[in-house]
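These notes are about the structure you will find just below.
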Amino acid sequence: KGIVCKLIYPGIELSKFRVKQYDKKTCGRGIFMSSPLPRHNNPELENKYINKRGLSHILKISAILNSKTPFRTTLLWRKNTNHIRKLTKNNTSIIVTEKNITNMDQYLMNFGFCFVPTGDLAKEIPMSLVECLAKGIPLIVSNTMPLAKLVKEHNFGIVFDNNNLELATN
């Protein structure tokens, strides 16, 4: 009584999922969305946290892809991006964005795929994955994520081996 719920994205019927049409404008643009870093002024702790979110894999894959073709990866955080900006300041293939997106549905149409890396703090099924699937955006997923099998079975994107990041770029 008195509780109002709003459905943001409909359920995804996996058997009917289709990757959106190839778009020249978005094919070289990836996105990784994550929650803010805890506030601490210790670069060692911040690096540890970033690696536990799987960001190190994304930075490596982005660098490999950018060496082969014009490529950009957007890292979307709601706040606290200072340390990430320091880590990526010399990497022209990385765009760090710090803001809350009010119309995620429209915003996601600017990207050709979504990174879903692995890490100790990575969620089994992150909300960003659901949002991207709802928009038909393919995924680049680590083979250690529980959903890797699902991605392969339903052709939602590609699965990469954490021990061979070069394969993710082929």
Side-chain angles (χ1 to χ4, degrees), residues 7-23 26-38 46-78 81 84 87-88 91 93-97 101 104-105 107-170:
L7 178 63
I8 298 173
Y9 287 103
I12 301 164
E13 193 170 334
L14 300 179
S15 64
K16 294 183 178 181
F17 173 82
R18 298 291 175 266
V19 172
K20 71 179 186 174
Q21 287 285 88
Y22 172 81
D23 181 352
T26 64
C27 70
R29 298 186 69 196
I31 187 165
F32 173 64
M33 300 176 272
S34 190
S35 56
L37 297 172
E46 296 219 19
N47 284 337
K48 190 182 236 182
Y49 182 84
I50 285 170
N51 287 332
K52 286 181 178 234
R53 292 300 255 191
L55 188 59
S56 59
H57 289 112
I58 293 171
L59 297 178
K60 289 174 188 169
I61 291 170
S62 295
I64 293 168
L65 285 170
N66 196 44
S67 71
K68 296 178 179 187
T69 186
F71 184 83
R72 298 288 176 267
T73 298
T74 296
L75 305 176
L76 178 60
W77 255 259
R78 287 186 293 270
T81 59
I84 294 167
L87 289 176
T88 61
N91 187 336
S93 69
I94 301 292
I95 300 164
V96 179
T97 302
I101 304 299
M104 188 60 79
D105 185 56
Y107 183 75
L108 285 175
M109 295 313 294
N110 294 307
F111 300 96
F113 58 90
C114 177
F115 283 109
V116 185
T118 190
D120 296 342
L121 294 178
K123 298 173 187 170
E124 286 188 25
I125 301 183
M127 183 52 122
S128 56
L129 171 143
V130 175
E131 291 172 326
C132 288
L133 286 178
K135 295 302 296 174
I137 297 171
L139 310 172
I140 297 180
V141 179
S142 165
N143 64 333
T144 60
M145 291 293 286
L147 61 101
K149 182 180 175 188
L150 195 65
V151 170
K152 278 184 180 178
E153 284 176 7
H154 294 280
N155 198 25
F156 294 161
I158 64 168
V159 176
F160 69 88
D161 183 338
N162 279 342
N163 298 316
N164 189 351
L165 297 181
E166 185 72 36
L167 284 177
T169 66
N170 291 333

Exercise for the section: Could you list the residues that satisfy side-chain hydrogen bond (donor to acceptor under 3.5 Å, both in side chains) with R29, not counting sequence neighbours? Expected result: none

Exercise for the section: May I ask you to decide if the ring planes of F71 and F113 are parallel, tilted or perpendicular, using 30° and 60° as cut-offs? Expected result: parallel

Practice task
Kindly compute the distance separating CG (N110) from OG1 (T74), expressed to the nearest 0.5 Å.
Solution key: 8.5 Å

Exercise for the section: Please name the pair of heavy atoms, one in V141 and one in A148, separated by the smallest distance, quoted to 0.1 Å. Expected result: CG1-CA, 4.2 Å

Completion exercise
Residues at least two apart in sequence or cross-chain that pass side chain to side chain contact (heavy atoms under 4.5 Å, CB included) with I101, listed by chain then number, are L76, K99, M104, Y107

Problem - For the student: nearest non-hydrogen atoms of C132 and L139, plus distance - result: CB-CD2, 4.1 Å

Problem - Note, P138 side chain near F156 side chain (heavy atom, < 4.5 Å) - result: no

Handout entry: Straight-line distance of F32 CZ to I94 CD1, nearest 0.5 Å
Key = 11.0 Å

Completion exercise
side-chain contact (heavy atoms from CB on, under 4.5 Å) test vs S62 passes for just one of T73, L75, T88, namely T73

Practice task
Look up atom CG in N143 and atom CE in M145, then write down how far apart they are to the nearest 0.5 Å.
Solution key: 11.0 Å

Exercise for the section: State the OG-CD1 distance between S93 and I61, to the nearest 0.5 angstrom. Expected result: 11.5 Å

Completion exercise
Closest heavy-atom pair, S142 versus V159, reported as atoms and distance to 0.1 Å, is C-CG1, 4.1 Å

Handout entry: Partner residues of K149 under the salt bridge (charged side-chain N to carboxylate O under 4.0 Å, His left out) criterion, sequence neighbours left out
Key = E153

